[in-house]
Amino acid sequence: MPVVLVFAGLDPSGGAGIAADLAAIAAQGAHALPVVTALTVQDHNRVYDVVPVDSSLLARQAQALIDSVQIGAVKLGIPGNRANAEAIAALVDQLRRRDPALPVVLDPVLASGHGDALSRGDALAALAPLLAVATLVVPNLREAQELGPLACPHVLVTGGHGDGPEVVNRWRGDNQEQEWRWPRLAGEFHGSGCTLAAAIAARLALGESMADALERAQSYTHQSLAQSFAIGAGQRIPQRLPSLL
């Protein structure tokens, strides 16, 4: 079974973070190894507090897995703080000594959809060590503007926060550019970025090319959003396990 090592925060609503990653990766036919970077106080609409896990504990959790499991890809969500990001980057460097081509997918979350902080300290500075090791970065339009030009091999800028009848996602990488257009769905969704990044990481762990992984993960994510459900007023939860319908 292809395996994805996941670093992300714990969302008690089950809509984003580790919970979203587990389901999205499983839906692609891969297995997730979840390492929690931060505990959060949040519901499906707002984030009220973020408590990073101690970086030494995070490293110990991941090291136990690295020592015993063949990792096919890595998916990175919020690090929680700079210390955790540095610890994760060191672990990725270790994995790449074993597998130089290991794909690393980063969802560069700087804040929640409502602008709530998802990191202790400077969120942009906390991401710097992860940006340095990422194969693919998947920012939304707001995040792409804040991050500025990126030197990583691949960037997929998603257009969910844009306007118009279509969501336009643009990929740059491998000396080529490509865009995908998807019908814009009504409503707001919790964890859509986590879903897409996790699905891409899983497709890469399955051995697919970057272009194929991007295509299939976007199709899966759009379907998940189209079949989303409500757990309360506000943002909807993507249905990441369509086989349950």
Side-chain angles (χ1 to χ4, degrees), residues 1-2 4 6 8-32 34 40 42-45 47 73 75-78 103 105-109 112-114 118 136-143 156-162 164-171 178-206 208 210-245:
M1 174 73 73
V4 181
V6 178
L10 179 62
D11 169 13
S13 81
I18 283 283
D21 297 337
L22 287 170
I25 289 168
Q28 312 313 306
H31 178 69
T40 69
Q42 67 174 302
D43 57 22
H44 59 295
N45 293 307
V47 179
K75 188 270 179 179
L76 307 176
I78 65 165
V105 179
L106 171 62
D107 177 16
V109 183
S112 74
H114 286 275
L118 281 165
L136 168 70
V137 180
V138 191
N140 60 36
L141 289 170
R142 298 172 189 168
E143 292 160 347
L156 176 69
V157 179
T158 62
H161 290 81
E166 293 181 317
V167 172
V168 182
N169 299 335
R170 294 184 170 91
W171 168 44
Q178 185 173 342
E179 70 177 34
W180 291 267
R181 295 177 177 269
W182 305 93
R184 188 175 298 279
L185 301 170
E188 295 184 341
F189 307 95
H190 186 50
S192 55
C194 307
T195 305
L196 176 58
I200 294 169
R203 304 308 307 188
L204 293 172
L206 289 166
E208 294 182 0
M210 181 63 72
D212 287 345
L214 294 177
E215 173 81 36
R216 291 173 179 168
Q218 287 178 79
S219 177
Y220 160 76
T221 301
H222 183 76
Q223 178 187 18
S224 298
L225 300 182
Q227 297 173 345
S228 64
F229 56 90
I231 59 171
Q235 295 186 105
R236 297 174 64 83
I237 308 297
Q239 175 50 271
R240 301 180 179 96
L241 298 172
S243 62
L244 298 179
L245 294 176

*Asks:* So, for Pro2 and Gly29, which heavy atoms are closest and what is the spacing to 0.1 Å?
*Replies:*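 Result for this residue pair: CD-O, 4.0 Å.
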*Asks:* For residues His31 and Ile25, determine if any side-chain heavy atom of one lies less than 4.5 Å from a side-chain heavy atom of the other.
*Replies:* no
*Asks:* Not counting sequence neighbours, which residues clear side-chain contact (heavy atoms from CB on, under 4.5 Å) with Glu166? List them please.
*Replies:*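 side-chain contact (heavy atoms from CB on, under 4.5 Å) list for Glu166, sorted by chain: Arg181.
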*Asks:* Looking only at heavy atoms, which two atoms of Ala20 and Gly15 are closest? And how far apart?
*Replies:*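 Scanning both residues completely, I find the closest heavy atoms to be CB-O, 3.8 Å.
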*Asks:* Does Leu141 reach the side chain of Val157, with side-chain heavy atoms less than 4.5 Å apart?
*Replies:* yes
*Asks:* Name all residues meeting the side-chain contact (heavy atoms from CB on, under 4.5 Å) criterion together with Ala230; count only those two or more places apart in sequence or in a different chain, and write none if there are none.
*Replies:*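 With neighbours one apart ignored, the set is Arg236.
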*Asks:* Taking all heavy atoms of Arg203 and all of Ala213, pick out the closest pair and write down the distance.
*Replies:*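 Closest heavy-atom pair between Arg203 and Ala213: CB-CB, 3.5 Å.
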*Asks:* Any side-chain heavy-atom pair from Leu22 and Pro34 closer than 4.5 angstrom?
*Replies:* yes
*Asks:* What residues form a side-chain contact (heavy atoms from CB on, under 4.5 Å) with Ala27, not counting sequence neighbours?
*Replies:*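 Tyr220, Leu241.
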*Asks:* Roughly how far, to the nearest 0.5 Å, is OG of Ser224 from CD of Gln239?
*Replies:*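 Rounded to the nearest 0.5 Å, the CD-OG separation comes out at 7.5 Å.
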*Asks:* Apply side-chain contact (heavy atoms from CB on, under 4.5 Å) to Leu185 and list each qualifying residue two or more places apart in sequence or on a separate chain.
*Replies:* Phe189, His222, Leu225, Ala226
*Asks:* Using distance only, find each side-chain donor-acceptor pair of residues 193-200 under 3.5 Å and give its atom names and separation, not counting sequence neighbours.
*Replies:*
from, atom 1, to, atom 2, distance (Å)
Thr195, OG1, Gly191, O, 2.7
Thr195, OG1, Arg240, NE, 2.7
Thr195, OG1, Arg240, NH2, 3.2

*Asks:* What's the shortest heavy-atom distance between Leu206 and Gln28, and which atoms?
*Replies:*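 What the structure gives for the nearest pair is CD1-O, 3.3 Å.
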*Asks:* Locate the shortest heavy-atom distance separating Glu143 from Val138; write the atom from each residue and the value.
*Replies:*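 Closest approach of Glu143 to Val138: OE1-O, 4.2 Å.
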*Asks:* Kindly indicate whether the side chain of His190, heavy atoms from C-beta on, has any atom under 4.5 Å from the side chain of Ile231.
*Replies:*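 Not touching, per the 4.5 Å side-chain cut-off.
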*Asks:* If we ignore hydrogens and angles and just use 3.5 Å, is the side chain of Gln178 paired with the main-chain N or O of Trp171 as donor and acceptor?
*Replies:* no
*Asks:* Is there a side-chain contact between Leu156 and Asn169 (heavy atoms, below 4.5 Å)?
*Replies:*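 SC-SC contact between Leu156 and Asn169 confirmed.
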*Asks:* Output yes when a side-chain donor or acceptor of Asn45 lies under 3.5 Å from a complementary backbone atom of Ala233, and no otherwise.
*Replies:* yes
*Asks:* For Leu214, does its backbone N or O pair with a side-chain atom of Gln218 as donor and acceptor, under 3.5 Å?
*Replies:* yes
*Asks:* List the residues meeting salt bridge (Lys or Arg N to Asp or Glu O under 4.0 Å) with Glu215, not counting sequence neighbours, and say none if there are none.
*Replies:*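 Scan of Glu215 (salt bridge (Lys or Arg N to Asp or Glu O under 4.0 Å), adjacent residues dropped) gives none.
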*Asks:* Just verifying a value: how many Å separate Ile18 CD1 and Thr40 OG1, rounded to the nearest 0.5 Å?
*Replies:*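 Those atoms lie 11.0 Å apart.
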*Asks:* For Trp180 and Ala211, work out which heavy atoms get closest and say how close.
*Replies:* CZ2-O, 4.3 Å
